[in-house]
Amino acid sequence: MSITGIILAAVIVGGTGLFIGVFLGIAGKKFAVEVDEREEAILEVLPGNNCGGCGYAGCSGLAAAIVAGEAPVGGCPVGGAPVAAKIGEIMGQEAGEQVRKVAFVKCAGTCEKAQQKYEYYGLNDCIMANMMQGGGAKACSYGCLGEGSCVKACPFDAIHIVDGIAKVDKEACKACGKCVSVCPKKLIELVPYEQKHLVQCSSKDKGKDVMKACSVGCIGCKMCEKVCQFDAVKVIDNIAYIDSSKCTNCGACAEKCPKKIIL
């Protein structure tokens, strides 16, 4: 190939590249989507975990939703009150009272306290174990399977399997809700961080059946309900529930519980 041909080819390639670059630059400006400055400011304030605990795909999704008025300024469970206050300043709104929450596992059936129907050999996955005969190896069909699906789902290393059941580290938990959604037994719920008394059981079986399966299960005796002076404890479907909005953390229910499953 002659020198002239090489130069001509280089000019053509260079010219084409220049044209494309100019075209893309003009198109970028013409079709650029303007981003609200508040959205960028909120994104800088958010923790950036992109955990999805807010209900959106990531922090950018939440920031856009807050600016659009589709999400509250306190919509980030990870950031909590401090982040909500900063976002409130950006949006010119009151953040309001932010109640810190943590995940709580409603099961105390450890290896020693809960009976087993059979030995499970398979994947360390609660969803798979739950599909086995009787909803898993535990005699209590409501109990924690202990295969660690919640552990794998937690982006903050705040939950671990200890003695056969899931345990939550309250200080590490950010209430993102990942563990709540992945648990096939629906044993995990988000509760106020300050709530001291919680029922560590979810069995709806009758008392005699509960005692056959687990030595620490709620037997629905209603002793906790009778002793509560604030109408905060109710036994429904053989299991005690504590209303956090009414509970004063007096501890009377915990003291009276014969199975000692109220923390």
Side-chain angles (χ1 to χ4, degrees), residues 100-116 126 129-130 135-151 153-154 158-173 175 177 179-228 230 232-263:
R100 180 182 176 185
K101 292 190 174 184
V102 292
F104 172 69
V105 182
K106 298 179 289 183
C107 180
T110 59
C111 297
E112 180 184 347
K113 297 171 182 175
Q115 299 298 317
Q116 296 284 111
C126 294
N130 190 48
K138 263 189 177 172
C140 174
S141 60
Y142 298 90
C144 177
L145 294 165
E147 296 300 329
S149 290
C150 53
V151 177
C154 180
I159 188 166
H160 301 92
I161 301 301
V162 180
D163 197 14
I165 60 171
K167 293 284 186 180
V168 177
D169 181 345
K170 287 181 65 175
E171 303 309 318
C173 180
C179 58
V180 176
S181 60
V182 79
C183 177
K185 297 290 187 180
K186 304 304 178 187
L187 281 174
I188 309 175
E189 63 180 1
L190 298 180
V191 301
Y193 177 86
E194 298 296 336
Q195 187 171 348
K196 295 180 180 178
H197 298 93
L198 299 157
V199 181
Q200 201 173 6
C201 181
S202 62
S203 176
K204 294 181 180 179
D205 289 338
K206 292 183 178 180
K208 62 177 182 178
D209 295 322
V210 171
M211 289 189 289
K212 290 178 183 178
C214 181
S215 63
V216 290
C218 176
I219 57 176
C221 65
K222 295 192 176 184
M223 294 297 290
C224 53
E225 182 178 314
K226 294 174 183 176
V227 77
C228 181
F230 306 97
V233 187
K234 295 291 181 184
V235 174
I236 304 171
D237 291 335
N238 301 315
I239 182 73
Y241 295 92
I242 298 178
D243 186 341
S244 61
S245 65
K246 296 180 179 179
C247 180
T248 63
N249 288 320
C250 69
C253 58
E255 291 179 11
K256 200 67 176 178
C257 177
K259 307 303 288 186
K260 302 302 177 187
I261 51 100
I262 299 179
L263 299 181

A.B. asks: I'd like a table of donor-acceptor pairs (distance under 3.5 Å, sequence neighbours excluded) in which one partner is a side-chain atom from residues 162-173, with atom names and distances.
C.D. replies:
{"residue": "D169", "atom": "OD1", "partner": "E171", "partner atom": "N", "Å": "3.1"}
{"residue": "D169", "atom": "OD1", "partner": "A172", "partner atom": "N", "Å": "3.4"}
{"residue": "K170", "atom": "NZ", "partner": "Y193", "partner atom": "O", "Å": "3.0"}
{"residue": "E171", "atom": "OE1", "partner": "Y193", "partner atom": "OH", "Å": "3.3"}
{"residue": "E171", "atom": "OE2", "partner": "Y193", "partner atom": "OH", "Å": "2.5"}

A.B. asks: As an exercise, state the distance from CG of L190 to SG of C179, rounded to the nearest 0.5 Å.
C.D. replies: 6.5 Å
A.B. asks: Residues in side chain to side chain donor-acceptor pair (under 3.5 Å) with S202, at least two apart?
C.D. replies: none
A.B. asks: Any side-chain heavy-atom pair from S203 and C214 closer than 4.5 angstrom?
C.D. replies: no
A.B. asks: Would you find more than 12 non-hydrogen atoms of other residues, nucleotides or ligands less than 6.0 Å from K206 atom NZ?
C.D. replies: no
A.B. asks: Using modelled atom types and a 3.5 Å cut-off, is there a donor and acceptor pairing between side-chain atoms of K138 and backbone atoms of G109?
C.D. replies: yes
A.B. asks: With a 4.5 Å heavy-atom cut-off, do V105 and I159 have their side chains touching?
C.D. replies: yes
A.B. asks: Scan residues 139-148 for pairs that pass side-chain hydrogen bond (donor to acceptor under 3.5 Å, both in side chains), counting only residues two or more places apart or in two chains.
C.D. replies: N124-E147
A.B. asks: Using side chain to side chain donor-acceptor pair (under 3.5 Å) as the criterion, list what pairs up with K259, not counting sequence neighbours.
C.D. replies: none
A.B. asks: Can you give me the closest heavy-atom contact between N238 and K204, atom names plus distance?
C.D. replies: ND2-O, 3.0 Å
A.B. asks: Look up atom SG in C140 and atom CE in M211, then write down how far apart they are to the nearest 0.5 Å.
C.D. replies: 13.5 Å
A.B. asks: Between atom SG of C126 and atom CD1 of I161, what is the distance when rounded to the nearest 0.5 Å?
C.D. replies: 6.5 Å
A.B. asks: Under the rule for side chain to side chain donor-acceptor pair (under 3.5 Å), what residues qualify as partners of D205, not counting sequence neighbours?
C.D. replies: none
A.B. asks: Over all heavy atoms of both residues, which pair between M223 and K256 is shortest? Give the atoms and the distance, please.
C.D. replies: CE-CE, 3.2 Å
A.B. asks: Please report the closest heavy-atom contact between L187 and C107, naming both atoms and the distance.
C.D. replies: CD1-CB, 4.2 Å
A.B. asks: In Å, rounded to the nearest 0.5 Å, how long is the span from CD1 of I261 to CD of Q200?
C.D. replies: 8.0 Å
A.B. asks: Which pair of non-hydrogen atoms, one from H160 and one from V151, has the smallest distance, and what is that distance?
C.D. replies: CA-CG2, 3.7 Å
A.B. asks: Which atoms form the tightest heavy-atom contact between C224 and I262, and what is the distance?
C.D. replies: CB-CD1, 3.9 Å
A.B. asks: Just how far is it from atom CD of E225 to atom SG of C253, taken to the nearest 0.5 Å?
C.D. replies: 11.5 Å
A.B. asks: Can you give the donor-acceptor pairs under 3.5 Å from side chains of residues 240-251 to other protein atoms, not counting sequence neighbours?
C.D. replies:
{"residue": "D243", "atom": "OD1", "partner": "S245", "partner atom": "N", "Å": "2.9"}
{"residue": "D243", "atom": "OD1", "partner": "S245", "partner atom": "OG", "Å": "2.5"}
{"residue": "D243", "atom": "OD2", "partner": "S245", "partner atom": "OG", "Å": "3.3"}
{"residue": "K246", "atom": "NZ", "partner": "D231", "partner atom": "OD2", "Å": "3.4"}
{"residue": "N249", "atom": "OD1", "partner": "K196", "partner atom": "N", "Å": "3.0"}
{"residue": "N249", "atom": "OD1", "partner": "H197", "partner atom": "ND1", "Å": "3.4"}
{"residue": "N249", "atom": "ND2", "partner": "E194", "partner atom": "O", "Å": "3.4"}

A.B. asks: Could you give the distance from CG (D209) to CD1 (I219), rounded to the nearest 0.5 Å?
C.D. replies: 12.0 Å
A.B. asks: Does K222 NZ have over 12 foreign heavy atoms under 6.0 Å away?
C.D. replies: no
A.B. asks: Work out which heavy atom in I188 is nearest to a heavy atom in C183; give both atom names and the distance.
C.D. replies: CD1-CB, 4.2 Å
